[in-house]
Amino acid sequence: MRTLNVAMIGGGFMGKAHALAYAAMPMYFWPAPALPRRKVVVDLTEEAAQDAQRRFGFDESATNWRAVVERDDVDIIDICTPNDSHAEIAIAAARAGKHIICEKPLARTAAEAKTMLDAVVGSGSIHMVAFNYRRTPAVALARKFIEDGRIGEVLNFRGTYLQDWSANPDSPLSWRFQKSVAGSGAIGDIATHALDFARYLVGDVASVNALVKTYIPTRPKQSGTVDKLGVGGGNRDAERGPVDVDDEVMTMLKFANGAVGSLEATRNAYGRNNFLTFEIHGSKGSLAFNYERRDELQAMFADDPEDARGFRTIYTGAPHPYGDGLWPIPALGIGYGDTKIIECYDLIKAIVSAEQPSPNFEDGYRISLIADAIAKSAEAGAWVDVA
Ligand code: SOE
């Protein structure tokens, strides 16, 4: 069985999720398409890198990602850094002929995402953007139902991504609130996950009419390089710095295929934790999903007998997408880590078969185009076509 050596750049929250996936993927999907080897992890300081090496089971640690990208014994570059370094690392990796997985959003702007797409096209690299939630079996099942025509023609998509980790005005000024690093706020960080659902389940978005809002204009500066994500409620005595991104976005959507939709995203919705949802209405039925109940797909088929009509709850398990690798009994439970394990499986499969996976950099770029159109529309107060 082939071994693929992974160099992971960034050993934080996402690094933890990806390292878990490399370790566990062959335990779930066997025979594995190839064995990912946790070769080298890169972080900003030697201490952080060595810590990540021990914790995440890598052979080596390093602090210079440029040198690591050039190594002959590295097959995959895994980008788990904040958004402002995605392009530089991915472009160098493509030039060095490496396969690439990049955390979402692909880049801060569509123009930046385009430079990444241009770098991978023709390079021989397999490339993937880590929009992991579409790999939840219930979401993949929704796609199957739509493809099989079970709900007829899709008429309407309603997406939300609501969290509350930044609702407290004293929660720290993470890089996620700084435009120069993040590109945007809720739009890039979480609305893009819902946009990935929209494209995966319905199709490309043609135009948007959006509004955005920033509720909390300053936050206490945080110390250290670890993204604190609101943990501990923050330090109200620390010096405050400006927030220059959106806290909340809502938009109407027109899809290229004629469907319509809406999307709301915020990290300031007290009581909502990872409320990533969709509801889709079709000419022959409806589907609904909530990541907080991720083992379940709600489905309503209009051709059910009249006295039995209504949403039914399907618990995903062995007969459903990825069921052969997961747990044998429905409702034993899918977790965040499982979505990353499936993502890793699809990446390794794509490398072995030399076929681009989805979502790849082309998809990441298209999502960035929609994100840019949302920002432009909010500024103009008008419908904007997606370029
Ligand atoms: C913070 O909003 C965050 O960590 C996002 O950046 C991730 O993409 C999401 O999966 C969980 O929440």
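Numbering of ligands and ligand atoms starts at 1, following listing order. Along the sequence shown, the residues carry numbers beginning at 1. What you see below is based on every heavy atom in this structure, not just the backbone, and it leaves out hydrogens, waters and symmetry mates. It should be emphasised that the depicted structure is a prediction, and the values quoted were computed from it without experimental measurement.
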(message) List ligand 1 atoms under 4.0 Å from Lys104, heavy atoms only on the residue side.
(response) 5 (C), 6 (O), 7 (C), 8 (O)

(request) Output yes when Arg54 and Glu60 qualify as a salt bridge under the 4.0 Å nitrogen-oxygen rule, no when they do not. (result) no

(request) Looking only at protein heavy atoms, identify the closest one to atom 2 (O) of ligand 1 and say how far it is in Å. (result) Gln163 OE1, 2.7 Å

(message) Tell me the protein heavy atom at minimum distance from atom 5 (C) of ligand 1, and give that distance in Å.
(response) Asp189 OD1, 3.3 Å

(message) Checking the N or O distance criterion of under 3.5 Å, is ligand 1 in contact with His193?
(response) yes

(request) Output the list of atoms in ligand 1 that are nearer than 4.0 Å to some heavy atom of Trp165, sorted by atom number. (result) 1 (C), 2 (O)

(request) Report yes or no: does Tyr161 have a heavy atom closer than 4.0 Å to ligand 1? (result) yes

(message) Please determine whether a side-chain nitrogen of the Lys or Arg among Arg294 and Asp338 lies less than 4.0 Å from a carboxylate oxygen of the Asp or Glu.
(response) no

(request) Compute whether any side-chain donor of one residue and acceptor of the other, for Asp244 and Gln178, lie under 3.5 angstrom apart. (result) no

(message) Under a plain distance cut-off of 3.5 Å, with no hydrogens placed, do Thr136 and Thr339 share a side-chain donor-acceptor pair?
(response) no

(request) Under 4.0 Å from a heavy atom of Ile190: give me the atoms of ligand 1 that qualify, with their elements. (result) 2 (O)

(message) Below 4.0 Å, non-hydrogen atoms only: which portion of Asn132 touches ligand 1? Side chain, backbone, both or neither.
(response) neither

(request) Among all protein heavy atoms, pick out the one at the shortest distance from atom 10 (O) of ligand 1; state its residue, atom name and that distance to 0.1 Å. (result) Tyr133 OH, 2.5 Å

(request) Assert yes or no for the condition that the ring centre distance of Trp327 to Tyr28 is strictly below 6.0 Å. (result) yes

(message) Over 60° means perpendicular and under 30° means parallel, so tell me whether Tyr133 and Tyr291 are parallel, tilted or perpendicular.
(response) perpendicular

(request) Would you tell me whether Tyr365 and Asp118 have side-chain atoms, one donor and one acceptor, within less than 3.5 Å of each other? (result) no

(message) Counting non-hydrogen protein atoms only, what is the nearest one to atom 4 (O) of ligand 1? Give residue, atom name and distance.
(response) Phe13 CE2, 3.2 Å

